[in-house]
Structures are given as C-alpha cells and as structure tokens.
Trainee: 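Could you have a look at this structure, given as structure tokens, before my questions?
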Amino acid sequence: MSRRTENCLVFGGLGLLTALIALLSICVGTVFLSPARALELLFAGEDELLGVAVRELRLPRTASALLVGGTLGLAGAVLQGYTRNPLADSGLLGVNGGAALGAVLMLYTGTFAHVSLALPLGGLAGALAATLLIVALTGKAGIASLILAGVAVSSLAAALTSLVLNFSPNPYAGMEIVHWLLGSVADRSWDHVGLVLPFMTAGVFILFLTGPGLRALSLGEDTASSLGFSLRRLRWFVILGTALAVGPATALAGAIGFVGLVVPHLLRPLLRHDPARLLAASALGGAALLTGADLLIQLLPADREFKLGVMTALVGAPFFFYLIFKIRKEYP
Amino acid sequence: MSSDADTSLLTIDHLTVARGGRTVLHDLDAGVRPGELYGVIGANGSGKSTLVQAVAGLLPREAGDIRYRGRSIRAAHRRALAREIAYLPQNPVCHWPLTVERLVTLGRIPHVGPWARPGEDDIQAVREAMAAVDVEHLASRQVNRLSGGEQRRVLLARALAGEPRLLLADEPTSGLDPYHQLQLLEFLVRRIVHGVSVILVLHNLTLASRFCDRLLLLRDGGALAEGDSAEVLAPDNLARAYGVEARRFSSDGQTAVVPWKRL
C-alpha cells in the first residue's frame, strides 16, 4: 500500500468516525432526534424552538467534547514523541494541575456564582502560573529536567487543591469542587467555548509545528540536532503549545485523564510509528474518543449523570493493565 | 593555525571546549584533508567524542574555531551544515520501531525540509545508502527486530543517506564482532572512494593502523600526535597516551599494532 492511500484510509476513517460520533451526540438528549432531523434543526430558523435548543444547548456540549478530546489527544502525542516515552501525556507538565487549581479556587471563593466565566478564567490563570513555574524551574536544561519540573509542579498543584478542599467553607462547596474535578462537558455554553477557543487554537497550532522535530528526535537528541533542528526551539514549542492548549481544555471541562495516554498508543501502529503523522491522527482520535465517551454517558440510564473524567478513567485504567502485559511480553 | 589550512576540508584551530565546568579539549589544533579516513584515537576521557560532537556543532566552544571549507561552522546556517556534515553518535538509537527504509529516509531531512515529502532524488539517495552498506534486503523490516550488526549498518545508512561530504562516526564498530567490524570499515573506505571524508573515532589500534589514512592521537584534550598512522602509533606515543606497551607484528609487508601489556 502506498503512503498516500495509507494516509487517506487512516485520516479519512478517523475523520468520518469523529463526524459520525459528533452527529450522534447531537441527536441524544432529553428528546431523541433522528440524525436527519438533527441536521435539519441545526440550520433551522429562530422560530423553531427545538432548533434553538439544539444549537444553544447540545451543540456547545458536543463542540466542547470535540475540542477538549482533540486537544488532549494531540498534546499526548506531542509529549510521547518529545519524551520518546509511550507512558507520557500532557498531565506530565503539570499544566492541567495548575488549571484545575485555578478553577477550584474560583469555586472555593464563590466567585463563579457572580461571574459565569469565572471558572474557565480561573483555569486559564492557573495554567499560566504553572507554565511560568515550569519554565523558571527548567531554565536551559534538557528533557529530563523538564519532566522533573512537571512532576514537581503537578504535585504542588495537587497539594494546594487538597488544601483548598480541606478548608472548603461548607460540605456543599466541597462537593461542588469534587464534582468539578471529576470532569464534564455538560451545560457548557457558547460563551465558555468562545472564551477558551482563541487560546486553544494558538496552542494547537504551535503543537502541530513540533511534528518534524519530533520525527527527527526518533534518532535521539544529538542526531536530531545534527540534522539541523534547534532543540531549544522545539522545547519552547512543546511547553508553550501544551500550556496554551491543555490549560484552557482543563478550564473548560475539568480534569480528564487517560485520553492523551491512550489515543496516541492506539493509533501509533496505524501510522507506522511516525511521530509527526501521529499528531493529526491523535487529535482526531481524541476528539472521537471523548465525544464518544460523552455520548455513552448520555445514553446510560442513571439518576445522577456519570462524570466524563470518571468514564475515561474507567476505560483508561484497564488499558494501562493491557499496556503492562504488552510491555512484559516485549521486554521479558 | 594549522599548517595545511589551505588544503584542508576541516580545520580545528586552537579549540577549547568545556563540558559541565571541566575543560575537555584544550587548545587543540588539527586538520582533515578532503577524501581521507581520519582516525581519532586516545584513552577514555581524552576528548575524542567531545571533538566530533564539537565538529557536529552540538557543543558550545570556549575559545578557538572550527572551520569547514575555510568558513567557521559557527557562521554557517544550521540546515546548510547538516547537508554537508553527518554525525553518527557513539550509541546510535531509534526510539520507535520504524521500518529500515523509513529510518534511513530520516537522513534526508536536511535536504527535504520539514514539511515536504521526499522526492525522487531523496528516494534514490535512500536506496543508494542502503545498497552501500548492504541492507537493501532489510528495507521493510522493523529496526528493533534486527541484530546488532544489522542495526549498526542501518544507522550508518541513515547517516549516508544525507549524501554528506564529511561523515563523523563515533566508535561505529563498538560491540560488533570481528567480521562486522571489518565489514563496517570496508564500507567506510568505499565511501572515501566516492569522495566522502570520514572522521572516525576508534579504540582498536590494529584497525586504526590498517584502515586510517592519518591519525590524531589525543591525550588530556590536546593533540599528542597527528599525522601518518605509522608515525602516530610509535611506541613512545602509545606509552604516553594509553600507558601500554604495544608490539608490532608484520605479515605480507603490513604491520599490525597490538597493545601488549600495561606499563
């Protein structure tokens, strides 16, 4: 099979799958719609009440799931390529932890009750603070110290989040915080999406620019450098892109794990382990996976809706077991 | 400045390089001529790898200069230099299980550019590089499933695929059996015929004396001797550089230098 047909199959298939899942997720809700009716309502006039509901309630939810999933998948692929470690994901840099802490602080202080966009804004501020701290800690050093800095910042953010929970003014505020941390894209509005979209777009763009560098990095840092790549620039792109893309994603949807770990893993063999082509594929795959998980949540009969982060963790943890078995077989 | 500055491909001029606060190369002068197999030898820690890494532009210089075709490599454009000089590190790796052909194609990156697809020229160069080290039959195999000797040849093909004028090879024979050591050196000699110059770091003095046109013997980051293999491998030099007594054995008019006992 030529490289071109192979690309067409993989990217066409993933694109189609993502589109299909997105359409289904618009059909599902309190009122079930046929796909044809859902498409019709998307473009219906203002006088059609159901159309407004689909556009203002269901569509932002689907868009949030697509955006967050795509970003997490892409960032996971970038970090696995950069560290050349299949167990890395965007959580490694501590940006998600920072974003979660920022949002939790907003919940704690009750600011979100007055300003509807307080949560994502807090998340953005937290992600920014975590990024600055990582940059200050790493300085000019290489990949190993970047990972160490990420682990340190993650731990600090987690500790501070626990501290906030510890001092939450009343049990309800505590519950609110825990619930938000479980991750969800339910009840997101276009305002929420609009707030994070510019940052995410910039971040995703920067992350895509790392592709050729990641491909050269397959041969190690020295060889990549001798092939004409600036490792310093590559590192800046990885840090900046992850911060701009994943911080806002966490601010929008809470802490959602495993997507960034699992998706690049599943897709890597389809792209013959090419770290550059894996980026776009992981973005599509992440979008499909998270939107699919959210669709599943809406279909499950429950008094209390399953949280998205819980769903991805429930699927992701067994996948981790599978990885261990696979690694055990490859390196006995 | 080196005496043969006009004829040399690469001139190393009063080079001083520090790593982690320690001066590894100190005021080193050396010159590589076009079309020669230039061996770099010396004890562990004498600065051999540091020298090739500095030439590859991987390390900052404290003082001195490295000139490629009369121009300082500091002034050269990164990509342009990558098209001229290829670097094969001491323990080359491939972190993902790529196929041999795709791995060798990575060597074309300086020519293809980051966003373009490999063209006809590139595919041709990749084929020639694989043929040069006899790995064509492995093209569709995954590199992690190959033997040590095959992997070394594939990674050498990667370096040759960029059609460099100068190849820096840091101990490419380490960990290989005698057959594959000889094979690898023969491949390098054949590249010389095709107009490639090679700087080769070696530990094996017998192979160095047999295959290298000229040698640079390093000791504590400085040049103890540079010149024809026979002169550089004089007993005095080896005693001072390695602290060993070497013996010479002759057969069919050729001399082999073999380290015999510690001094």
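We name chains A, B, ... by the order of the sequence lines, and we start the count at 1 in each one.
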Trainee: Does atom CZ of Arg233(A) have more than 12 heavy-atom neighbours from other groups under 6.0 Å away?
Mentor: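 Not more than 12 within 6.0 Å, no.
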Trainee: I need the residue from Pro92(B), Gly107(B), Pro97(B) with the largest number of non-hydrogen atom pairs under 4.5 Å to chain A.
Mentor: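 The residue among Pro92(B), Gly107(B), Pro97(B) with the greatest pair count is Pro97(B).
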Trainee: So for Leu278(A), is it side chain, backbone, both, or neither that comes closer than 4.5 Å to the heavy atoms of chain B?
Mentor: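 Interface part for Leu278(A): neither.
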Trainee: Using a 4.5 angstrom heavy-atom cutoff, name the option from Leu209(A), Leu231(A), Asp274(A) with the most pairs to chain B.
Mentor: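 Most pairs with chain B among the choices: Leu209(A).
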Trainee: Side chains of residues 258-269 of chain A: which donor-acceptor pairs under 3.5 Å do they make with residues two or more places apart or in other chains?
Mentor:
| unit_1 | atom_1 | unit_2 | atom_2 | d |
| --- | --- | --- | --- | --- |
| His265(A) | NE2 | Pro86(A) | O | 3.2 |
| Arg268(A) | NH1 | Gln80(A) | OE1 | 3.4 |
| Arg268(A) | NH2 | Gln80(A) | OE1 | 2.7 |

Trainee: If we ignore hydrogens and angles and just use 3.5 Å, is the side chain of Arg83(B) paired with the main-chain N or O of Pro110(B) as donor and acceptor?
Mentor: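 Indeed, once roles are kept as given, a pair shorter than 3.5 Å links the two residues.
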Trainee: Top residue by heavy-atom pair count (under 4.5 Å) with chain A, among Leu81(B), Thr99(B), Ile85(B), Leu98(B)?
Mentor: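 Top option by heavy-atom pairs under 4.5 Å: Leu98(B).
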Trainee: Can you tell me which portion of Leu88(B) sits under 4.5 Å from chain A's heavy atoms? Options are side chain, backbone, both or neither.
Mentor: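 For Leu88(B), there is no contact with chain A at all, as no heavy atom is under 4.5 Å.
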Trainee: Identify which of His77(B), Arg78(B), Gln53(B), Arg117(B) forms the greatest number of heavy-atom pairs closer than 4.5 Å to chain A.
Mentor: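 Heavy-atom pair counts peak at Arg78(B).
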Trainee: Any chance the rings of Phe319(A) and Tyr322(A) have centres within less than 6.0 Å?
Mentor: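 Centroid distance Phe319(A)-Tyr322(A): below 6.0 Å, so yes.
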Trainee: How about His180(B): does its NE2 atom have over 12 heavy atoms from other parts shown lying under 6.0 Å from it?
Mentor: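 Yes, enclosed.
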Trainee: Top residue by heavy-atom pair count (under 4.5 Å) with chain A, among Gln142(B), Arg102(B), Arg79(B), Arg158(B)?
Mentor: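 Max contact count across the listed options: Arg102(B).
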Trainee: Got a sec: does the CZ of Arg127(B) have more than 12 other heavy atoms crowding it under 6.0 Å?
Mentor: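 Not buried by this count: 12 neighbours or fewer within 6.0 Å.
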